[in-house]
Structure formats: C-alpha cells, structure tokens
Amino acid sequence: MKVRLTEFSENWAEMFQKEALFLKTIFGNEIIRFEHFGSTSVRGMKAKPVIDMMCIVKDIEKVDKMNEKMANLGYNVAGEWGITGRRLYRKGGENRTHHIHFYQFDNPQIERHLIFRDYLRSHPEQVARYSRFKEDLAKSFEHTSEYSPAKKTFVKEMEQQALLWFAENQVKLNSD
C-alpha cells in the first residue's frame, strides 16, 4: 500500500464513531468498549488516513468465530498479525480506511496503546516531532511495507517516554 500521509482531520473522529456503531451491530454485547488510538486519534498529528480502532471484548475466541462474516462484509482478516492475542481486521483494500484491533479485556497491549495515545495528546511538542519524522520518512519511502518498519525504532523510543510519563503520573497521583 502506498504511504498517504495527510494533515489531521476532524472527520477521523466521526469515521471512528460510525464504524463503532456498525461493529456493535455485528458483535453486540461481546464488545466492552471502543477506543480510538493511533495517529488519527491525536489532534495535530500527520497520519496515514487509516482509523485505528480498538475493540475491547469479553472473549477473543468469540471474535474468531466472526471471521467469515467479517470477510463477507469486506474486511481483510489478518489474525494476530504479529501481536499475541490481537485480532486485526482491515477495511478498504488499497484505499484502506480502518484497522480494527480486537483485544480481550485483559490483554496488556491495551494499556500500552492507550498510554502512548494519551502521552501524545498531552505533549504537542512530541506530536510536532513525530509528525516531522513521518514527513521525512514519507519522502524516503513510497510504500508502507518500507515506511512502517523504518519508524519502528523511533516509535519504540517515544513509547518508552510515554510509559515513563505514565509511571511518574501514577506516583504523583498515589502520593496526593
């Protein structure tokens, strides 16, 4: 898929909400809650215009039973796709619009993703830094198969800063 880096759009929140309502009709009470995460959830962040959605569910095995239905509805069923316990569905083919990440409620990846999102939402200087980094990468790599791995180290380092920030805030909250 080609890299399509764009300016932040207010429409991304609406796209998230519409998809969440639709998925609720399919998965019903199995879904505990939805979270919008990733770059499209952070005001001011340049991003590929693909909405990252997290669906936190009661039982991940029940999600697996919906693969055929999801495929019939036009979703690409990608399975764990490198993250243990996740189920990934992609919508939109080459002009992808959504990545839907299902996690069972007790998966530790949930916290990691949400802490990183919240860190970026609280640190506009890091949003600007990350956006510049992505712009530079997009000039060097035309396809996401090259672009995504090239940003991995940068993201891991920023994620570590986010985890430290979260831990420090937890200490402050607990000491008040």
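Under a cut-off of 6.0 angstrom, the local environment of CZ in Arg43 is sparse, with at most 12 non-hydrogen atoms contributed by other residues, nucleotides or ligands. A 6.0 Å sphere centred on CD of Glu61 holds no more than 12 heavy atoms belonging to other residues, nucleotides or ligands. Within 6.0 Å of NZ on Lys24 lie more than 12 heavy atoms contributed by other residues, nucleotides or ligands. Counted within 6.0 Å of CD on Glu80, heavy atoms from surrounding residues, nucleotides or ligands total more than 12; the atom is thus considered enclosed. Shown here is Gln170, whose CD atom has more than 12 heavy atoms of other residues, nucleotides or ligands within 6.0 Å. The number of heavy atoms from other shown groups lying within 6.0 Å of NZ (Lys62) does not exceed 12. Environment of CG in Asp106: crowded, with over 12 heavy atoms of neighbouring residues, nucleotides or ligands closer than 6.0 Å.
Of the possible donor and acceptor atoms, none in the side chain of Glu30 sits under 3.5 Å from a partner among the backbone N and O of Val63. Side-chain N or O atoms of Glu35 include none that pairs as donor or acceptor with a backbone N or O of Met53 at under 3.5 Å. Not one N or O on the side chain of Ser148 forms a donor-acceptor pair closer than 3.5 Å with the backbone of Ser145. Using modelled atom types, one side-chain atom of Thr144 and one backbone atom of Met1 make a donor-acceptor pair closer than 3.5 Å.
With 3.5 Å as the limit, one finds a donor-acceptor pair spanning the side chains of Asn67 and Tyr89. A side-chain donor-acceptor contact under 3.5 Å links His113 and Tyr103. When only modelled atom types and interatomic distance are considered, Thr6 and Lys48 share no side-chain donor-acceptor pair under 3.5 Å.
Contact annotation: the side chain of Lys58 approaches that of Asn29 to within less than 4.5 Å [non-hydrogen atoms, C-beta and beyond]. Counting heavy atoms from C-beta on, the side chains of Pro49 and Thr40 never come closer than 4.5 Å.
Nearest heavy-atom pair across Val50 and Arg96 is CG2-O, 3.5 Å. Taking all atoms of both residues into account, the shortest heavy-atom contact from Leu73 to Ile26 is CD1-CD1, 3.4 Å. Of all heavy-atom pairs spanning Lys134 and Ala47, the tightest one is NZ-CA, 3.9 Å. The shortest non-hydrogen separation linking Ala20 to Phe34 is O-CZ, 3.3 Å. Of all heavy-atom pairs between Leu5 and Lys46, the closest is CD1-C, 4.0 Å. The two residues Phe27 and Met70 come nearest to each other via the heavy atoms CE1-SD, 3.7 Å.
Considering CG of Leu88 and OH of Tyr75, their distance stands at 12.0 Å, rounded to 0.5 Å. Note: Ile60 CD1 to Asn107 CG = 8.0 Å, rounded to the nearest 0.5 Å. Distance CZ/Arg129 to CG/Leu120: 10.5 Å, rounded to 0.5 Å. Separation of atoms CG (Asp118) and OG (Ser41) is listed at 8.5 Å; rounding is to 0.5 Å. Going from atom OG of Ser122 over to atom CH2 of Trp165 covers 4.0 Å, rounded to the nearest 0.5 Å. Interatomic distance, Ile115 CD1 to Gln161 CD, rounded to the nearest 0.5 Å: 14.0 Å.
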Worked check of side-chain contact (heavy atoms from CB on, under 4.5 Å) between Leu164 and Tyr119: CA-CA 10 Å; Leu164 269 169; Tyr119 172 77; over 6 Å; no
Give the intermediate values and the outcome of side-chain contact (heavy atoms from CB on, under 4.5 Å) for residues Tyr130 and Lys151. CA-CA 10 Å; Tyr130 190 11; Lys151 70 178 191 170; 3.6 Å; yes
Val155/Lys152 under side-chain contact (heavy atoms from CB on, under 4.5 Å): CA gap, chis, key distance, verdict: CA-CA 5 Å; Val155 170; Lys152 197 171 203 147; 6.0 Å; no
Run the side-chain contact (heavy atoms from CB on, under 4.5 Å) test on Lys2 and His143 for me, step by step, so that the C-alpha distance in whole Å, both residues' side-chain angles and the decisive distance to 0.1 Å come before the verdict. CA-CA 4 Å; Lys2 287 191 181 255; His143 297 281; 3.9 Å; yes
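Cation-pi check for Lys156 over Phe154 is not met; the charged atom does not lie both under 6.0 angstrom from the ring centroid and within 45 degrees of its normal. Both tests hold for Arg90 against Trp81: distance to the six-membered ring centre under 6.0 Å, angle to the ring axis within 45°.
Residues His101 and Phe37 bring their aromatic ring centres within 6.0 Å. In summary, the aromatic rings of Trp12 and Phe8 are positioned with their centroids under 6.0 Å apart.
Hydrophobic clustering, with ILVMFWY side chains joined whenever heavy atoms are under 4.5 angstrom apart, groups Phe116 together with Val42. Linking ILVMFWY side-chain heavy atoms closer than 4.5 Å, directly or via other members, places Ile51 and Ile31 in a single hydrophobic cluster. Ile110 and Leu163 end up in different hydrophobic clusters when Ile, Leu, Val, Met, Phe, Trp and Tyr side chains are linked at under 4.5 Å. Residue Met158 is grouped with residue Leu137 when hydrophobic side chains (ILVMFWY) are merged at heavy-atom distances under 4.5 angstrom, including chains of intermediate members. Linking Ile, Leu, Val, Met, Phe, Trp and Tyr whenever their side-chain heavy atoms come within less than 4.5 Å puts Ile83 and Leu114 in one cluster.
The pair Lys91-Glu19 meets the salt-bridge criterion, with a side-chain N (NZ, NE, NH1 or NH2) lying under 4.0 Å from an Asp/Glu carboxylate O.
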